[in-house]
Amino acid sequence: MDTDVALVLAGAVGLVLGALVTFVWRYDEGRQAMPAPAPAPLVPPGADAVLTALSSSAVVVDSADQVRQSSAPAVAMGIVREDRLHPDHLVELVHQVRRDGRVREADVEVPVRRSAPLHVRARVAPLTSQLVLVLAEDRTQAQRLETIRRDFVANVSHELKTPVGAITLLAEAVGEAADDPEAVARFARRMSAEAERLTRLVQQIIELSRLQHDVLSDDASAIKVDELVARACEHSATEAEAKQITVCQRLEPDLHVLGDHAELHAAVSNLVENAVTYSPERSKVAVSAARRGDDVAITVADHGVGIPADEQERIFERFYRVDPARARATGGTGLGLSIVKHVAASNGGSVEVWSEPGVGSTFTLTLPAFDPDTEEEK
Ligand code: ADP
């Protein structure tokens, strides 16, 4: 009897074990047949390669506001910091897009450490059910240029109105003084002075806008500095003679610079002309040129009225005049030095001023020296 029970028990245990082994085996087989539940790819295949290659700023943000993918420019721009999107305004835009799936565009200011904020145009669009794509374009430079252009147009219109208005009034005066030949002659002289001023203004405006479009001059040739200075002095010879101003030249021999001849002539002429204009009668203006390391420094020094320290930065701005009343008398347009500054920059150089009111001013135009024998910039 005991043996029977034992046999039955053993059989039952065997059965249960067999069933268990079969079950476990089958279960394992089943598990092996089923593909492992891989994590769903967040960024769609191919999209990451595109984003990495993009030269513009692109960021993919997941449902937890974590940055999943970003192009290098996005990080450089500062809209991605430690896997988070910045600034908050951009994050808010992402939330709105996630809520209703509508593409949005907005202008966002991105703070930059120790500098002015960037002006960024952002376009935010849903990418998948979980991901949102942010495309950003840095508009800082474009906005700055637009402001400069707007100011320039406003200034030009204002500056043109003055001589045109004067000519109109003088023409009326001539008409009314028809029977007074002396008055007619006087008005005619003033008319021609205003017309001259207008011509000069228009020429300088054209020159300046041309220079602003040319970032780097492409018309460069080797220029003899002594000839450049001689022509610039000649340009102001009549005015200097009228004021009995001596313009002397102290030039190191064989100096050359590489640049656009017409532009450099305009720049040096403007400096000499200013020195003569803002100097008293019977004074001296010295123009010198010397090597300074790899550069040539062209210096124009006068013993004129000088420029107050707080105005010295501003005189290079377009239409800026220290004394507008005096400028009207001298026919100054306020454009001369901004032309000099542009010419210097587009020919790889710079311009600096030293000045003291009542003592005089020294302007230094520095340009890369050039050796015509080796045909190389020194
Ligand atoms: P402008 O046509 O009025 O001379 P510029 O741009 O050449 O215009 O110069 C801007 C201002 O800088 C002038 O109005 C003048 O007040 C000042 N300035 C320029 N050069 C001299 C100088 N050599 N001495 C004194 N003031 C100067």
Side-chain angles (χ1 to χ4, degrees), residues 148 151-152 155-156 158-163 166 193-212 229 232-233 235-240 242-243 245-249 263-288 297-346 350-365:
I148 291 175
D151 287 356
F152 187 56
N155 279 331
V156 165
H158 174 78
E159 295 291 330
L160 289 177
K161 265 187 208 153
T162 319
E194 290 295 342
E196 238 170 66
R197 181 178 150 80
L198 193 60
T199 310
R200 188 174 149 75
L201 191 59
V202 170
Q203 274 171 351
Q204 287 193 326
I205 289 167
I206 293 169
E207 173 76 6
L208 195 58
S209 39
R210 199 181 61 76
L211 280 167
Q212 279 172 336
V229 170
C233 294
H235 172 83
S236 293
T238 317
E239 208 196 331
K243 290 174 81 175
I245 291 174
T246 321
V247 182
C248 57
Q249 299 172 24
E263 287 183 4
L264 293 183
H265 171 66
V268 182
S269 299
N270 275 332
L271 292 179
V272 177
E273 191 180 323
N274 277 351
V276 171
T277 304
Y278 298 104
S279 286
E281 291 190 353
R282 284 182 288 280
S283 61
K284 269 189 187 160
V285 168
V287 187
S288 44
I298 301 173
T299 311
V300 182
D302 63 51
H303 302 287
V305 289
I307 304 154
D310 56 339
E311 310 258 16
Q312 288 175 16
E313 275 285 307
R314 305 211 57 195
I315 53 172
F316 295 99
E317 292 173 15
R318 280 155 315 181
F319 298 112
Y320 191 82
R321 282 159 292 204
V322 175
D323 180 352
R326 184 199 287 264
R328 264 207 71 69
T330 57
T333 59
L335 289 177
L337 287 179
S338 54
I339 290 178
V340 177
K341 192 177 166 192
H342 267 94
V343 169
S346 62
S350 62
V351 59
E352 276 167 21
V353 61
W354 171 92
S355 188
E356 214 173 299
V359 178
S361 312
T362 301
F363 285 83
T364 306
L365 176 65

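Atoms within each ligand, like the ligands themselves, are counted from 1 in listed order. The first residue in the sequence is number 1, and the count goes up from there.
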Review point. For ligand 1, which atoms, with element, lie under 4.0 Å from some heavy atom of Leu335?
Key: 6 (O), 8 (O)
**Study point:** Proximity of Thr277 to ligand 1 by residue part, where a heavy atom lies under 4.0 Å
**Key:** neither
Exercise for review: Would you check whether Gly334 has a nitrogen or oxygen atom less than 3.5 angstrom from a nitrogen or oxygen atom of ligand 1?
Suggested key: yes
Check your understanding: For ligand 1, which atoms, with element, lie under 4.0 Å from some heavy atom of Val322?
Key -> 14 (O), 16 (O), 17 (C)
Review point. Looking only at distance, does Ser338 have an N or O less than 3.5 Å from an N or O of ligand 1?
Key: no
Point to revise | Contact (N/O only, under 3.5 Å) between Arg200 and ligand 1 | key: no
Exercise for review: Inspect the surroundings of CD in Glu352 and state if more than 12 heavy atoms from other residues, nucleotides or ligands are less than 6.0 Å away.
Suggested key: no
Check your understanding: Does an N or O anywhere in Arg321 fall below 3.5 Å from an N or O of ligand 1?
Key -> no
Practice item. Can you sort out which atoms of ligand 1 are near Tyr320, meaning under 4.0 Å from one of its heavy atoms? Key: 10 (C), 11 (C)
Exercise for review: Assess Gly304 for proximity to ligand 1: is some non-hydrogen atom of it under 4.0 Å away?
Suggested key: no
Exercise for review: Tell me, yes or no, whether the heavy-atom count around Glu313 atom CD, taken from other residues, nucleotides or ligands under 6.0 Å, exceeds 12.
Suggested key: no
**Study point:** Geometric N/O contact Thr333 with ligand 1, under 3.5 angstrom
**Key:** yes
Check your understanding: Given Ile339, Val353, Asn274, which has its nearest heavy atom closest to atom 7 (O) of ligand 1?
Key -> Asn274
Point to revise | Any N/O pair Leu337/ligand 1 closer than 3.5 Å | key: yes
Review point. What are the atoms of ligand 1, with element, lying closer than 4.0 Å to any heavy atom of Val305?
Key: 25 (C)
